[in-house]
Amino acid sequence: MSASPDPLPQTFFARSALEVARDLVGCTFLFGEAGGRIVETEAYRQDDPCCHGYRGKTDRNAVLFGPPGHLYVYFTYGMHFCANVASEEEGVAAGVLLRALEPEHGVEGMVARRGVPEPRLLASGPARLAQALGIGRAENGLPVWEPPLAILPRDAAAPEPRVVTTARIGVRGGDQKPWRFADADSRFLSRSPARTPILPSG
DNA sequence: CTATAGATAATCT
DNA sequence: GATTATCTATAGG
């Protein structure tokens, strides 16, 4: 009698990227057989110099400007893919970077794709996460509420995650906005919150 | 534990 | 030609 809950609908993502990023912590992200509990996200909004859409729409960032709830996959550093979920409204560049998750489903496949056995190295980091799940160019633009993608809501019976807010990691130039959201009690973060400025959240 | 260099290519100026 | 929302290996405390 353990029916899987419905995936989060498109309307969930039609809100400020800040709210979506915070609310995604504790949800379950699935791509095919692989996935797990989201423990770390970052928000990017159009008015922010760090946002890929800050300087206008291009072929690369077009999904970020599209309707909410679609996967924005970009390639960087000559070797890494990273996955975001577009948010807010069509025409506005905003999204949530999926930075880390706790492997729960299809762990064997993740180990094979990553080439490392340590659970804590499988998906703790945006490029690791994408590689572990097998996300690449082909997944750019896919809706996250339809197979093979799904994001499941938190278990209502489980305690709410303790979400901490820190500066975003790896962003250059511009201002340091506290738009990283992490489960303070997770051991699967890409970086300890203690190593970044922490602001109380909530 | 922290710090730093090097890898490597699409994208943008 | 410069930059990059990163990762890994390696060196040092």
Side-chain angles (χ1 to χ4, degrees), chain A residues 13 16-22 24-25 29 31 38-66 68 70-88 92-103 110-141 144 163-183 187-199:
Chain A
F13 306 97
S16 162
L18 296 172
E19 295 177 35
V20 176
R22 171 183 300 264
L24 280 179
V25 174
F29 182 67
F31 175 54
I38 298 170
V39 294
E40 181 181 339
T41 62
E42 281 176 2
Y44 289 86
R45 306 191 72 204
Q46 180 151 336
D47 287 349
D48 170 31
C50 312
C51 178
H52 284 184
Y54 179 69
R55 287 154 205 262
K57 188 173 175 178
T58 66
D59 285 344
R60 179 211 205 190
N61 64 25
V63 174
L64 219 46
F65 285 83
H70 291 253
L71 207 64
Y72 165 51
V73 181
Y74 69 88
F75 182 70
T76 190
Y77 288 103
M79 59 190 104
H80 298 304
F81 291 100
C82 298
N84 302 249
V85 185
S87 58
E88 306 198 4
V92 173
V96 175
L97 174 67
L98 303 177
R99 282 199 58 93
L101 60 75
E102 179 177 336
M110 293 196 210
V111 170
R113 283 181 290 269
R114 286 279 296 123
V116 296
E118 295 88 349
R120 296 174 68 164
L121 293 180
L122 286 182
S124 57
R128 289 169 173 169
L129 185 155
Q131 186 183 30
L133 301 188
I135 290 175
R137 261 182 232 298
E139 284 70 42
N140 189 42
V144 299
V163 178
V164 293
T165 308
T166 82
R168 292 171 295 184
I169 294 175
V171 299
R172 308 219 205 294
D175 32 342
Q176 276 293 10
K177 300 192 183 318
W179 289 358
R180 171 178 180 239
F181 301 89
D183 179 344
R187 294 162 307 167
F188 292 86
L189 303 179
S190 66
R191 216 170 156 154
S192 164
R195 283 188 55 194
T196 57
I198 304 181
L199 306 174

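Proteins get letters first, then strands, A, B, ... in listed order; numbering begins at 1 in each.
Taking atom CZ of A:F181 as the reference point, atom C1' of C:dA5 lies 15 Å away to the nearest angstrom. Distance, A:I169 CD1 to C:dT4 C1': 16 Å, rounded to whole Å. What separates CG of A:N61 from P of C:dA5 is a distance of 12 Å, to the nearest Å. The separation between A:F75 atom CZ and C:dT3 atom P is 19 Å, rounded to whole Å. To the nearest angstrom, C1' of C:dT3 lies 17 Å from OH of A:Y54. Between A:R180 atom CZ and C:dT6 atom P the separation is 11 Å, expressed in whole Å.
Note on A:R45 versus A:E88: salt bridge recorded, some NZ/NE/NH1/NH2 to OD/OE distance being below 4.0 Å.
In this structure, the aromatic ring of A:Y77 is positioned over the six-membered ring of the base of C:dT4, centres within 5.5 Å and planes within 30°.
Between the CZ atom in A:F81 and the OG1 atom in A:T76 there is a gap of 10.5 Å [rounded to 0.5 Å]. A:N84 contributes atom CG, which lies 14.0 Å from atom NE2 of A:H70 (distance to the nearest 0.5 angstrom).
When each of A:Y74, A:F65, A:Y44 is paired with A:H52, the ring-ring contact (aromatic ring centres under 6.0 Å, His included) condition holds for A:Y74 and for no other. For the salt bridge (charged side-chain N to carboxylate O under 4.0 Å, His left out) with A:E42, the qualifying choice from A:R168, A:R22, A:R99 is A:R99, the only one to do so. When each of A:L122, A:I38, A:L98 is tested with A:L129 by the rule side-chain contact (heavy atoms from CB on, under 4.5 Å), just one qualifies, namely A:L98.
No donor-acceptor pair under 3.5 Å is formed between the side chain of A:E139 and the backbone N or O of A:L71. Within the 3.5 Å criterion, the main-chain N or O of A:G56 finds a donor-acceptor partner in the side chain of A:N61.
Contacts between residues 111-124 of chain A and DNA chain B, counted as heavy-atom distances below 4.0 Å, involve no residue at all.
Note on A:T58: only backbone sugar-phosphate atoms sit closer than 4.0 angstrom, heavy atoms only; bases stay farther off. A:R60 comes within 4.0 angstrom of sugar-phosphate atoms only, judged by non-hydrogen atoms across all strands, and of no base.
The shortest non-hydrogen separation linking A:C82 to A:L97 is CB-CD1, 4.0 Å.
Residue A:R128 has its side chain nearest to C:dT8 when only C:dT8, C:dT6, C:dA5 are considered.
Phosphate contact (OP1/OP2 of C:dA5, side-chain N/O of A:H52, threshold under 4.0 Å): present.
For OH of A:Y54, the number of neighbouring non-hydrogen atoms (other residues, nucleotides, ligands) closer than 6.0 Å is 12 at most.
Read 5' to 3', the first and last nucleotides of DNA chain B with an atom closer than 4.0 Å to a heavy atom of chain A are B:dT2 to B:dC12.
A side-chain donor-acceptor contact under 3.5 Å links A:R114 and A:Q131.
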task: Can you run through DNA chain C from 5' to 3' and write each base as (, ), [, ], | or . depending on how it pairs? Watson-Crick or G-U wobble, both distances under 3.5 Å.
output: ||||.|||||||.
